[in-house]
Novice: 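Below you will find the structure I want to go over with you.
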Amino acid sequence: MVLLSAPRWLRSRLTDRFWRVQEVLKYARHFRGRKNRCYKLAVRSVRRAFVKSTKARREKKRFLRALWITRIEAASLEHGLKYPAFISNLLKSQVELNRKMIADLAIYEPKTFKSLAALAQRRRQEGFLAALGDGKEPDGIFSRIVHHY
Amino acid sequence: MTGRGSPSRFLAAVLHNGVGRYVRQLQRLQLLFSPTAADARGARQFVEEAALDFARQHPDVVLYINPRSCPAPLLLAEYLNGTVREELIASKTSEEIVQLATKLAGQSGLDIIRIRKPFHTNNPSIQGQWHPLTNKPSALTVHGPRLQPQ
């Protein structure tokens, strides 16, 4: 090391320690306890918070999908349909709405959701008739597949 | 950079801009550069070649050209809601400065932080938002005339 005497040691002082510390503490201000004030504790907590927030981005998609499914299940049970029947019959009727949109419709457009539930119910009945009937009756209207190509 | 550790806002337009007339939110652009520094060469070329065209294409933005000795060439954008954005244009070519200026002219002065949802509406429900009595029979909600006992 070249700085061997006291006057030379003092030449290079760290002057922006405050701002370096604040860079970390600003992400810890809403924490509980001493880790929102003390740098040594905050560094560890902030790093863990960042790691958790990175990993949680993958879980958020799963969590939101489960929330939508719960809401659609509750809404379709109000109309007398269970969730698997509702979704499968909607897909068979070529209604390709994703769960997010169906959940939003159930909250904000309840009449539209009621008509979707009725469509799924009718398609379900037609499916039963086609499976259990003898083939003498014509195919159901909502069972027709429309080809868009 | 967590969800609660850093600030966030909802998607918004300044004062419903665009519903009627569109008002450009950029108020003025100040170009601070040094006439002799080497990293301000792009800024000087921009002033010579492209500044007039930019000013003509954006007539509602005031463009101030300030050649003075400054440590680094800057593009200062001031918006109608008071936000001031400084962009360094050191060692940028004239085309890049034009692109940067066009980008700043298209922005509103709202903070550039995480936007919680990419959509926003003041009227989310047209048929009436669901409440627990929406799908119940109307005998529960409608109060008819009180019938006298027979």
Side-chain angles (χ1 to χ4, degrees), chain A residues 22-32 35-36 42-61 63-64 67-68 70-81 86 100-118 121, chain B residues 1-13 16 18-19 39 70-74 76 79 81-88 90 107 109-144:
Chain A
Q22 288 305 305
E23 260 183 16
V24 170
L25 281 176
K26 78 179 176 202
Y27 292 110
R29 287 303 180 201
H30 65 288
F31 289 171
R32 197 180 193 195
K35 49 188 193 285
N36 63 20
V43 167
R44 292 175 221 151
S45 295
V46 164
R47 177 172 278 262
R48 283 177 66 81
F50 286 173
V51 168
K52 288 183 183 184
S53 97
T54 310
K55 288 188 188 169
R57 274 176 225 141
R58 300 177 63 201
E59 326 257 303
K60 184 179 176 181
K61 300 159 179 51
F63 168 74
L64 278 180
L67 179 68
W68 297 327
T70 312
R71 287 180 174 174
I72 297 171
E73 188 166 3
S76 59
L77 281 171
E78 271 198 339
H79 297 288
L81 265 178
F86 178 71
K100 174 178 158 207
M101 291 320 299
I102 303 179
D104 287 346
L105 285 176
I107 297 170
Y108 292 113
E109 325 286 347
K111 297 180 190 169
T112 310
F113 187 84
K114 185 173 179 181
S115 57
L116 282 176
Q121 179 75 331
Chain B
M1 262 64 75
T2 44
R4 292 198 185 171
S6 34
S8 58
R9 64 175 175 95
F10 287 98
L11 184 71
H16 300 275
V19 173
D39 52 2
C70 53
L74 273 183
L76 264 165
Y79 291 91
N81 59 1
T83 334
V84 180
R85 258 195 88 181
E86 296 175 359
E87 297 274 341
L88 273 182
Q107 285 178 353
L110 298 167
D111 307 329
I112 298 183
I113 46 180
R114 180 180 70 101
I115 296 184
R116 293 196 190 194
K117 302 186 197 192
F119 39 81
H120 175 79
T121 168
N122 288 331
N123 310 303
S125 177
I126 304 210
Q127 294 170 357
Q129 193 171 345
W130 183 91
H131 55 82
L133 293 171
T134 319
N135 291 321
K136 296 282 194 305
S138 59
L140 290 171
T141 47
V142 176
H143 300 288

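Chain identifiers are assigned alphabetically (A, B, ...) following the order of the sequence lines, protein sequences preceding nucleic acid strands; residue numbering begins at 1 within each chain. The structure presented is a predicted model; accordingly, all values stated were derived computationally and were not measured.
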Novice: How many angstroms lie between atom CH2 of B:W130 and atom NZ of A:K111, to the nearest 0.5 angstrom?
Specialist: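 It comes to 15.5 Å.
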Novice: Does CZ belonging to A:R29 count more than 12 external heavy atoms closer than 6.0 Å?
Specialist: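 Atom CZ in A:R29 is packed in, count exceeds 12.
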Novice: Counting only heavy atoms not in A:R47, do more than 12 fall under 6.0 Å of its CZ?
Specialist: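 Incorrect, the count does not exceed 12.
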Novice: Check B:G5 against A:Y27 and note the closest heavy-atom contact, atom names and distance.
Specialist: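 Heavy atoms only, the tightest pair is O-CD2, 4.2 Å.
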Novice: So what's closer than 4.5 Å to chain B heavy atoms on A:T54: side chain, backbone, both or neither?
Specialist: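 Contact with chain B: none, neither part.
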Novice: Measure the spacing between CD of B:Q127 and OG1 of A:T112 and express it to the nearest 0.5 Å.
Specialist: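 OG1 of A:T112 is found 3.5 Å from CD of B:Q127.
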Novice: Within the supplied structure, the quantity of interest is the number of heavy atoms (other residues, nucleotides, ligands) at a distance under 6.0 Å from A:H30 NE2; does it exceed 12?
Specialist: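 Enclosed.
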Novice: Measure across A:A49 and B:T2 and return the closest heavy-atom pair with its distance rounded to 0.1 Å.
Specialist: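 Taking A:A49 first and B:T2 second, the nearest heavy atoms are O-CG2, 3.6 Å.
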Novice: Looking only at non-hydrogen atoms, find the nearest pair between A:P110 and B:G128 and report the distance.
Specialist: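 Looking at all heavy atoms of both residues, the shortest contact is CD-O, 3.1 Å.
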Novice: How about A:F50: does its CZ atom have over 12 heavy atoms from other parts shown lying under 6.0 Å from it?
Specialist: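 Correct, the count exceeds 12.
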Novice: A:A28 versus chain B, heavy atoms under 4.5 Å apart: side chain, backbone, both or neither?
Specialist: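 Answer is neither: A:A28 stays 4.5 Å or more from chain B.
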Novice: Quick one: do B:S125 and A:E109 satisfy side-chain hydrogen bond (donor to acceptor under 3.5 Å, both in side chains)? Show the steps, please.
Specialist: CA-CA 6 Å; B:S125 177; A:E109 325 286 347; 4.9 Å; no
Novice: Counting only heavy atoms not in B:I126 (residues, nucleotides, ligands), do more than 12 fall under 6.0 Å from its CD1?
Specialist: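 At most 12 heavy atoms, drawn from other residues, nucleotides or ligands, come within 6.0 Å of this atom.
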Novice: Drop me the distance from B:N135's CG to A:L77's CG, to the nearest 0.5 angstrom.
Specialist: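 B:N135 atom CG to A:L77 atom CG measures 12.0 Å (nearest 0.5 Å).
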Novice: Side chain from CB out, backbone as N, CA, C, O: work out which of these in A:K52 comes under 4.5 Å of a heavy atom of chain B, or both, or neither.
Specialist: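 For A:K52, neither part sits under 4.5 Å from chain B.
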